[in-house]
Amino acid sequence: MPLLFYSMHHNSPTPVSITPSLNSTKKSQTIFHLLEWKKCLNMRDLQQIHAQMIITGFIHHIPSLTKLISHSISGDSTGLTYASMIFNHTQQPNIVIWNTILRGFVNHKLPKRALLGYVDMLQESRTIPDRFTFPSLLKGCAQSLDFHEGKILHGHIIKFNLVSDLYIETTLITMYAACGDLNSARAVFEKMGQRNQVVWTSMIGGYARNHYPTEALLLFTEMEEEGEDPDEVTMVSLLSACAELKDLEYGKKLHLRIRESDMKVCVFLGTALVDMYTKCGELDSARKVFDELPDRNVVAWSAMISGYVQNNRSKEALRLFKEMVTESDQNPNEITILAVLSACAQVGDLDLGRWVHAYIGRAGLKNYISLQNSLIDMYSKCGRIDTACQIFYDMPERDVVSWNAMITGLALHGLGKEALNQFTLMQTAGIQPDDITFIGVLSACSHGGLVQEGCRHFQNMKVQYGIPPKLEHYGCMVDLLSRAGLLEEAKEYIREMPMKPNGAIWGALLSACRVYNNVELGEEAANHLLNLEPENDGVYVLLSNIYARKQKWEEVRMVRSLMHKRGIRKTPGCSSIVVDGVSHEFLVGGHSHPESEKVHLMLDHVTQKLKLAGYVAETSEVLLNIDEEEKEGSVSQHSEKLAICFGLLKTRAGTEIVIMKNLRVCTDCHSAIKLISKVFQREITVRDRSRFHHFKDGFCSCRDYW
DNA sequence: ATAGGGTTAG
């Protein structure tokens with residue numbers, strides 16, 4: 001009596017009949033066809049087929065058994081477990097079955113198990129590997145960057161006389177390139193008798209991923225000279241090389257070629273295009289590609305979101321992230337979250353930052369340390385240095401980046417002593433500081449006015465740690481000495497530094513010259529800056545303020561006419577505040593905000609109250625920032641004041657955090673906000689370019705310049 | 001019956 005079982009395709013009720021006769025070719029083909037019938041089988045179906053195979057005896061039909069295992073490993077981890085169970089019950093598996101199970105381990109990101117299996121295969125099973133064995137194993141080595149094992153496998157390949165197999169050669173190139181040994185990869189490539197599209201692509205990809213983008217593009221030229229055409233995969237590597245080089249022209253050419261060819265813009269290729277465009281700063285083109293993608297996975301979303309972040313367009317990044325969470329079926333992964341946290345830090349969106357913090361726990365994201373590091377950075381840049389400390393304290397393991405984030409965060413909050421204390425603890429913990437650490441340390445000294453400590457750390461960095469100071473370190477020193485009023489000493493550092501000082505360095509000196517009324521050095525710094533950055537409106541303003549303080553009106557007029565002649569306008573100050581998860585932006589004297597009427601009424605109210613409390617607007621400097629007609633009104637309408645008024649309007653209590661872009665809090669606003677905090681009983685935190693200013697009860701936490 | 005090259009961060 002024949003056995004009946006229903007096929008797994010539920011709307012196809014045709015029963016398949018199988019008689020338990022072993023060596024019948026016809027019947028064995030039935031099972032075999034069944035296994036070939038669908039590309040993807042679920043566990044239930046597989047188990048049914050497996051059961052039938054045992055009952056009918058087809059379990060001994062090797063091709064069918066291989067197919068069964070092959071189907072099983074193409075599923076999830078349950079499938080792999082099932083496959084290895086079947087495998088373990090197979091007596092004397094042949095090489096084909098071995099190859100299949102080894103591939104299963106590699107494809108499930110278990111390269112170590114694959115290698116152990118291979119050793120078993122050689123030693124226990126005494127089975128000789130063939131040309132199908134090594135591609136999977138080498139792919140595993142490439143995955144886990146197992147250079148040592150990879151080289152051993154290369155030895156085996158030679159021993160088993162398989163060196164001139166095209167597939168093996170390709171995976172050898174991939175393995176060596178993944179492990180960073182481009183010379184060996186190239187050596188394999190050069191020795192090859194024939195090279196197809198895939199071979200070229202794997203060598204090009206090797207250069208691209210090892211940060212040799214020029215070599216990648218050069219090799220592509222050779223590939224074309226040899227008459228091989230690129231395909232989608234080649235294009236992905238080429239685009240990533242263009243992204244690294246920020247070579248928009250080349251990138252556009254590739255995009256054009258893709259459009260003119262019959263290549264399909266799949267997620268992979270689309271993401272590579274998005275990445276290329278964002279790295280080249282062409283966000284609109286990137287977004288266009290992104291919007292036209294038929295389906296978007298996490299990687300595509302992450303590429304677009306971090307593209308916005310890298311181009312300082314965090315508001316758009318967060319808008320897109322919210323769309324991803326609400327309107328797509330894709331779950332943010334570690335990389336998405338890293339970008340989003342950095343966006344939260346940029347715009348000061350503490351609410352969303354907290355949501356993301358909770359999400360990390362809820363989603364059970366891996367890559368724990370970098371996420372915690374990012375959280376530290378986010379909290380400290382959103383004004384919550386206390387929470388940042390707590391996270392740091394709770395971390396079971398910390399790396400250099402964790403310590404750097406903590407030191408930089410403390411420095412940003414003007415907590416110089418605490419930052420230096422943290423640096424000491426870091427050394428006690430045996431963590432080797434790097435160049436970034438010293439940027440944190442030196443900027444902590446600079447914000448805390450700790451001149452001697454700063455100089456000592458600068459020396460130690462060179463002598464004790466052997467870290468050669470970069471431009472940024474000299475910048476910190478110039479800033480440190482300048483802020484402390486040691487202008488000549490700052491100048492000495494500029495003279496001594498082995499590289500050409502950049503705008504930031506002359507800018508630090510110039511700002512200090514304004515504070516300490518040093519016309520001579522100020523002129524010198526400004527002249528350097530006007531050469532380096534003729535478009536920088538701040539320079540003209542600072543210089544004219546320096547002259548104005550000394551009542552050199554002729555010079556003031558000269559600077560202003562120069563500015564006018566060059567067609568440079570002062571970029572308006574911009575501040576933002578997040579209320580109920582929405583970031584609101586204000587420009588100086590601006591009326592662009594939908595509720596600006598109310599905000600200006602509030603500002604009038606605030607000004608009245610401040611006057612009663614004895615506030616007199618300080619206008620001697622700022623009035624020169626702006627065109628004559630705007631003078632009177634604009635002083636009291638600085639963007640940070642508008643943002644603060646919005647906060648007073650919209651929130652009942654708590655801490656307001658105002659983020660300023662491209663500016664420092666000016667003297668006038670500083671004294672005004674001190675009073676607001678007292679009169680309105682609010683804690684206000686203002687974050688400007690370089691630091692936080694916490695205002696409470698008429699006092700400010702920061703100590704410099706005021 | 002079994003095999004190869006690819007995208008997001010730092």
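Protein chains get the first letters and strands the later ones, always in sequence-line order, with residue 1 at the start of each.
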Counting only distance, no hydrogens or angles, is the base of dA1(B) paired donor-acceptor with the side chain of N94(A) under 3.5 Å? yes
So does T170(A) reach the base of dG4(B) with its side chain, donor to acceptor, closer than 3.5 Å? yes
Choosing from dG6(B), dT8(B), dA1(B), which nucleotide comes nearest the side chain of V236(A)? dG6(B)
Taking N and O atoms by type only, does the side chain of N373(A) place a donor or acceptor under 3.5 Å from a partner on the base of dG10(B)? no
NZ or CZ of R398(A) within 45° of F392(A) ring axis and under 6.0 Å: yes
I258(A) CD1 to dG6(B) P, in whole Å, measures 17 Å
Among dG4(B), dT7(B), dA1(B), the one nearest T66(A) by side-chain distance: dA1(B)
Of the candidate nucleotides dA1(B), dT8(B), dG4(B), which contains the atom at the shortest distance from the side chain of V199(A)? dG4(B)
Counting side-chain heavy atoms from CB outward, which of dT8(B), dA9(B), dT2(B) is closest to L338(A)? dA9(B)
Check the distance between dT2(B)'s P and M121(A)'s CE and give it to me in whole angstrom. 17 Å
Using only side-chain N and O atoms of R103(A), determine if any of them is under 4.0 Å from OP1 or OP2 of dA3(B). yes
Determine the contact category for T133(A): base if any of its heavy atoms lies under 4.0 Å from a base atom, sugar-phosphate if only primed atoms, P, OP1 or OP2 are that close, otherwise nothing. nothing
Spacing of N107(A) atom CG relative to dG4(B) atom C1', expressed in whole Å: 12 Å
Quick check for you: among dG4(B), dT7(B), dA1(B), whose closest atom lies nearest to any side-chain atom of D275(A)? dT7(B)
N-O pairing of R287(A) and D291(A) below 4.0 Å: yes
Do any side-chain nitrogens or oxygens of Q310(A) fall under 4.0 Å of OP1 or OP2 in dA9(B)? yes
Which part of the nucleic acid, if any, lies within contact of L166(A), taking any heavy atom under 4.0 Å across all strands shown: a base, the sugar-phosphate backbone alone, or nothing? base
What is the distance, rounded to the nearest whole Å, between atom CD1 of I335(A) and atom P of dG10(B)? 10 Å
May I have the distance from Q197(A) (atom CD) to dG4(B) (atom P), rounded to whole angstrom? 16 Å
Starting at atom CZ of R209(A), determine the distance to atom C1' of dG10(B), rounded to an integer number of angstrom. 17 Å
Atom pair distance, as rounded to whole Å: OH in Y167(A) and C1' in dG4(B): 6 Å
Which part of the nucleic acid does I62(A) contact within heavy-atom distance under 4.0 Å: base, sugar-phosphate only, or nothing? base
Suppose we call a contact any N or O donor and acceptor under 3.5 Å apart; does that hold for the side chain of S302(A) and the base of dT8(B)? yes
Quick test of your reading of the model: are R186(A) and E190(A) salt-bridged, counting only N-O distances below 4.0 Å? yes
Report yes if a donor N or O on one partner sits less than 3.5 Å from an acceptor N or O on the other, where the partners are the side chain of T201(A) and the base of dG5(B); otherwise report no. yes
The single option from K67(A), H61(A), H60(A) that satisfies side-chain hydrogen bond (donor to acceptor under 3.5 Å, both in side chains) with S64(A) is H61(A)
Answer yes if the side chains of D377(A) and S374(A) hold a donor-acceptor pair under 3.5 Å, and no otherwise. no
Could you check how far CZ of F105(A) sits from P of dA3(B), rounded to whole Å? 16 Å
Under 3.5 Å, is there a donor-acceptor pair between the D399(A) and N373(A) side chains? yes
Nearest-neighbour nucleotide for the V233(A) side chain, dT2(B), dG5(B), dT8(B) considered: dG5(B)
Ion pair E292(A)/K288(A), N-O distance below 4.0 Å: yes
K139(A) side chain near dG6(B) phosphate (N/O to OP1/OP2, under 4.0 Å): no
Output yes if the stacking criterion (under 5.5 Å between centres, under 30° between planes) is met for F268(A) over the base of dG6(B), else no. yes
Of the nucleotides dT2(B), dT8(B), dG5(B), which one has an atom closest to the side chain of D231(A)? dG5(B)
Using the side-chain heavy atoms of S202(A), tell me which of these nucleotides is nearest: dG4(B), dG5(B), dA1(B). dG5(B)
